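One structure below.
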Number of protein chains: 2
Amino acid sequence: MDERRTDTRAQIRQVALELFAEQGYDKTSLREIAERLGITKAAVYYHYKTKEEIVGTLFDDLLSGVDEITEWAGAQEPGRATTAEVLRRYHALLAGDSTAQVIRFLQEGQTSFKDLAAGADMKKRFGALARTLAVPGSSTADQLKLRLAMIALHLGAFLEEGIDATPDERRAASLEVALELAGTGSAQRA
Amino acid sequence: MDERRTDTRAQIRQVALELFAEQGYDKTSLREIAERLGITKAAVYYHYKTKEEIVGTLFDDLLSGVDEITEWAGAQEPGRATTAEVLRRYHALLAGDSTAQVIRFLQEGQTSFKDLAAGADMKKRFGALARTLAVPGSSTADQLKLRLAMIALHLGAFLEEGIDATPDERRAASLEVALELAGTGSAQRA
DNA sequence: GTCTATAGCTTGATAGAC
DNA sequence: GTCTATCAAGCTATAGAC
């Protein structure tokens, strides 16, 4: 019975993620996080040195997954096949457990977040992933489409409103659309 | 010589838009706006009663344009042709003068903005526009594509980084991609 | 490991002189 | 039309008792 401790640290992480995803980083105060857990601000500071440290830990899993894909892609020949496989792997990564909330935060809260150290770091690592998608000599439209392909996967991970489908259908459709945007879909007209 | 007054009110509007687009609504303080203009916060309050009133005026032009398109679409038969024309008109609207910054703000700053009265209003009116795009009985993938079509137009209006093209090329490409996503592009395989 | 108390700062907004 | 001065409220973060 060592790992069963209610573990306030993990609870803080969890509640923080919920609130950040819901209302953004800036608008979520430590008081609010503490209150929802029935503890005080000072108690939160015992577990995390700063607010920024909390947000930093939230992205660890996702980011190491991103790095893994980037590394893999770097060892391949650039081309449509690699692009497609990167999108597939990224899609799988996004299907992970609590990833939806992280992505929602990432997708909506860019502004409040980007001047944090963690924000700059993330931007770099996501940029690296985006660059592995590029196929040399693509048109402007194709570059835009790759951008949209990644956004499609993000929307597939969390977007509820305006889309009439179950989460699974939504995710599946997002991969389909992303691959089509990358010009590697199964949609080569019959 | 009645309309040449340096017009602090318009200057405040202009600076506020720049700062909101750059760093979001919440992170931009009235002190910052005032400082950049070489006046004080109190002077700003002479021209606008609240911070929210400033942001409200920024969207007026764009919103009336959106309403116009929505109204037009409501008088048409729903279908691919209407969808395509809505996208084209929305694309033209976005090409307007200072619209790029407004769209950047709109696209990136959702979180900080959505609990304002102006935010709720905007959401409704943009939702109405989005609904005119829908074609009855579309698949989940097609619904997602329409969503992406609007995002494509937004990106075309402002996205600089990661896309290697002039603003005009970028805008043109965004319309092309949007129409293709709506299934009405010229890309019906040769 | 959690608490109370508080320091130190920034914010949006107001009152009233000029 | 712009100013100085001030307000209450909120925030992050720290110190020190229990």
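Everything numeric in this text was worked out from a predicted model, so none of it was measured. Atom set for the values below is all heavy atoms of this structure, side chains included, hydrogens, waters and symmetry mates excluded.
To the nearest angstrom, P of C:dT11 lies 18 Å from CD of B:E52. The OH-P distance, from A:Y46 to D:dA17, rounds to 18 Å in whole Å. Atom CG of A:D26 is separated from atom P of C:dG12 by 12 Å (rounded to the nearest Å). At whole-Å resolution of the value, OH in A:Y25 and P in D:dC11 are 13 Å apart. For the pair B:K27 NZ and D:dG10 P, the computed distance is 20 Å after rounding to whole Å. Note: NZ (A:K41) to C1' (D:dA15) measures 14 Å, nearest angstrom. At whole-Å resolution of the value, OH in B:Y45 and P in D:dT6 are 19 Å apart. The interatomic distance linking B:R31 (CZ) with D:dC7 (P) rounds to 20 Å, in whole Å.
A cation-pi arrangement is present between A:K51 and A:Y25, with the terminal nitrogen or guanidinium carbon under 6.0 Å from the aromatic centre and inside a 45° cone about the axis.
A:T8 has its side chain out of reach of A:Y46: every pair of non-hydrogen atoms, C-beta onward, lies at least 4.5 Å apart. Side-chain atoms of B:L155 and A:L144, non-hydrogen and from C-beta on, do get closer than 4.5 Å to each other.
Regarding contacts with the backbone of D:dG1, every side-chain N or O of B:T8 stays at 4.0 angstrom or more from both OP1 and OP2. Neither OP1 nor OP2 of D:dT12 sits under 4.0 Å from any side-chain N or O of A:T50.
A ring-centre distance under 6.0 Å is found for B:F105 and B:F59.
Of the candidates C:dT6, C:dC3, D:dG1, D:dG1 carries the atom nearest the B:H47 side chain, counting heavy atoms from C-beta on. Checking C:dG12, C:dT2, C:dT4 against the side-chain heavy atoms of A:A42 singles out C:dT4 as nearest.
The pair B:E32-B:R36 fails the salt-bridge criterion, with no side-chain N (NZ, NE, NH1 or NH2) lying under 4.0 Å from an Asp/Glu carboxylate O.
Nucleic acid contact for A:S29: sugar-phosphate only, since backbone atoms but no base atoms lie under 4.0 Å from a heavy atom of the residue.
In terms of position on DNA chain C, the residue among A:T40 and B:K49 whose nearest nucleotide sits closer to the 5' end is A:T40.
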